[in-house]
2 protein chains.
Amino acid sequence: MYEDLLNHIEKYIRLNDAERQLLVSVMRYEKVPKKGFLLKSGKVCSSRFFVLSGCLRQYIIKENEVEQIIQFGLPGWWICDHHSFENNQPSEYCVQATEVSEVAILDAAIQEDLFSKIPSLERYFRLIFQRAYDASLTRIGLEYCMSGEERYHQFAKNFPDFVQRVPQYMLASFLGLTPEFISIIRAKKGK
Amino acid sequence: MYEDLLNHIEKYIRLNDAERQLLVSVMRYEKVPKKGFLLKSGKVCSSRFFVLSGCLRQYIIKENEVEQIIQFGLPGWWICDHHSFENNQPSEYCVQATEVSEVAILDAAIQEDLFSKIPSLERYFRLIFQRAYDASLTRIGLEYCMSGEERYHQFAKNFPDFVQRVPQYMLASFLGLTPEFISIIRAKKGK
DNA sequence: TGAATTTCTTAAAGTAGTTCAATTTTTTGC
DNA sequence: GCAAAAAATTGAACTACTTTAAGAAATTCA
């Protein structure tokens, strides 16, 4: 059930049998229906979600009620509002499944105990967050260096299957564009 | 000399005297003149820089030779190209001092040894990167939710002293705007 | 101190992307 | 399998921001 999670972790650190077993015993499994919520804004984000299958989206709601997607969570990715999680404060984010999804859940309540029993998990998450932070800075750079149209093309080139997988308006939101503009881009290319 | 660094670390983890001493003994100190470089693109980023005083800027160079600033490093902030650092690969970034600055340097060559001797440093960096990642996602969200003008006003409100501290064209680059446009915004407000 | 360089401002013309509104296409659920 | 809902497209009017260019102000350093 947690095969993919264990494999992911063991790409970064080594676990012995006891540790593997402990980890599996404290994780929770959840199957989320399409449009099901794992986090709603105003609530505390009391869990980290590791995506086993499906796809999540993390978004905030702008003043005008419009949803701004911050990131997608595909299998092998952790999704969490870290600030809310660590400080037990209400979150600004919503996390919703864009399709039927399965997640492995690590609850805040048990995190510290788990880390103290498997200290190398600190290293695992250090490496995970370091990578994610790095990717996030790269993204900021690209955002400012490329036009909206270029961003779309690059994304479509890098993740051709994913572009098919989520509705176009979600992709538009994620890329900071309007669905109408993506339509225009696509019409251009079709010609 | 490394007071601020130790204080920073001890906000997140506890160090004993031996650990403090070890840490201090392996850090390097460097004073960087205004416009001095700590990293140039094409080179491997073989150090993490903790800003003790002054201010750094991290930027990439776009096709058109224009510099795009990704982030500033103020005292208490770590600056590094994590990907280059961990994988020993050439960096895309430049890191330059915008004013006379002092940094504490942690070299890649000694990181693993240091972490094995002070394992709680993994936790320290896990927490640091978690925070930085979180901040970076928040920034992406704001970028898409606010107009350029709003972004400038919010930034100027949150960091009034910093706006005075760096040339306006650097601020413009960081905010993804042109210096001309910031001039217009300021002229408006002046009225 | 004063000449050279860097930074900031102003204004006019141009453009990438938005907004709005109406229509078509695709997907969903009973 | 069909009605209803959700998503995508089209086009016209609009706007936030850029580009270019030239002059003014501020900063640097010999």
Side-chain angles (χ1 to χ4, degrees), chain A residues 32-37 54-55 57 59 62-69 72 96-101 142-156 162-191, chain B residues 32-36 54-55 57 59 62-69 72 96-101 140 142-156 162-191:
Chain A
V32 197
K34 183 168 180 174
K35 298 196 179 171
F37 282 94
C55 177
R57 66 182 181 124
Y59 64 90
K62 306 196 223 177
E63 323 82 54
N64 42 359
E65 305 279 308
V66 176
E67 298 166 358
Q68 174 60 54
I69 297 180
F72 291 106
Q96 189 190 33
T98 67
E99 55 189 84
V100 180
S101 304
L142 289 177
E143 220 147 88
Y144 284 141
C145 289
M146 307 198 302
S147 69
E149 185 164 357
E150 286 171 322
R151 254 180 286 143
Y152 173 80
H153 285 316
Q154 199 210 266
F155 189 85
F162 186 71
V163 172
Q164 306 297 95
R165 195 160 163 185
V166 297
Q168 176 165 305
Y169 74 90
M170 286 192 190
L171 204 64
S173 171
F174 174 72
L175 293 172
L177 301 171
T178 55
E180 291 89 340
F181 187 57
I182 292 199
S183 269
I184 295 170
I185 296 174
R186 285 192 171 166
K188 268 194 219 172
K189 196 137 202 185
K191 267 196 304 193
Chain B
V32 197
K34 184 171 180 171
K35 298 196 180 172
C55 178
R57 66 181 181 125
Y59 63 90
K62 306 196 224 179
E63 321 82 54
N64 42 358
E65 306 278 310
V66 176
E67 297 166 358
Q68 173 60 55
I69 298 179
F72 291 105
Q96 189 190 34
T98 66
E99 56 189 83
V100 181
S101 303
I140 288 174
L142 289 177
E143 218 147 89
Y144 284 141
C145 289
M146 308 198 302
S147 69
E149 185 164 0
E150 285 171 323
R151 254 180 288 145
Y152 172 80
H153 285 316
Q154 200 210 265
F155 189 85
F162 185 72
V163 172
Q164 307 297 95
R165 194 161 164 184
V166 298
Q168 174 165 305
Y169 73 89
M170 286 192 191
L171 204 65
S173 171
F174 173 72
L175 293 173
L177 301 171
T178 56
E180 291 88 344
F181 187 56
I182 292 198
S183 268
I184 294 171
I185 295 174
R186 284 191 172 166
K188 266 194 221 173
K189 196 135 202 186
K191 267 194 304 194

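Letters A, B, ... are given to chains in the order of the sequence lines, protein chains preceding strands, and every chain is numbered from 1. Just so it is clear, the values below take in all heavy atoms, side chains as well, and ignore hydrogens, waters and symmetry mates.
- An OP1 or OP2 oxygen of dT26(C) is reached within less than 4.0 angstrom by no side-chain nitrogen or oxygen of Gln168(A).
- Comparing Lys34(A) and Met146(A) along DNA chain C, the residue whose closest nucleotide (by nearest heavy atom) sits nearer the 5' end is Met146(A).
- Ring planes of Phe174(B) and Phe72(B): tilted class, angle from 30 to 60°.
- Among the protein residues, Pro167(A) comes within range of the sugar-phosphate backbone only, with heavy atoms under 4.0 Å from sugar or phosphate atoms but none that close to a base.
- Proximity note for Ile184(A) (side chain, C-beta onward) versus dA8(D), dT18(C), dA21(C): the nearest is dT18(C).
- Nucleotide dT15(D) holds its C1' atom 12 Å from the CD atom of Glu149(B), rounded to whole Å.
- Note on Thr178(B): a side-chain N or O is less than 4.0 Å away from OP1 or OP2 of dT18(D).
- When all heavy atoms of Pro179(A) and Ala172(A) are compared, the pair lying nearest together is N-CB, 3.6 Å.
- Here CD of Glu180(B) is found 9.5 Å from CD of Gln168(B). Values are rounded to the nearest 0.5 Å.
- A donor-acceptor pair under 3.5 Å is absent between the side-chain atoms of Arg57(A) and the main chain of Ile69(A), judged by distance alone.
- Residue Lys188(A) contributes atom NZ, which lies 14 Å from atom P of dG11(D) at whole-angstrom precision.
- In this structure, Glu67(B) atom CD and dT7(C) atom P are separated by 10 Å, rounded to whole Å.
- The side chain of Ser147(A) approaches dA16(C) more closely than any other nucleotide in the set dA8(D), dA16(C), dT18(C).
- Distance Leu177(A) CG to dT9(D) C1': 16 Å, rounded to the nearest Å.
- Rounded to an integer number of Å, the gap from Leu171(B) CG to dC8(C) P is 9 Å.
- Taking atom CD1 of residue Ile185(A) and atom C1' of nucleotide dT9(D), one finds them 14 Å apart after rounding to whole Å.
- Counting to the nearest Å, the C1' atom of dT10(D) and the CZ atom of Phe181(A) are 15 Å from each other.
- One finds the NE2 atom of His153(B) at 8.0 Å from the OG atom of Ser147(B) (value rounded to the nearest 0.5 Å).
- Taking atom OH of residue Tyr169(A) and atom P of nucleotide dT19(C), one finds them 17 Å apart after rounding to whole Å.
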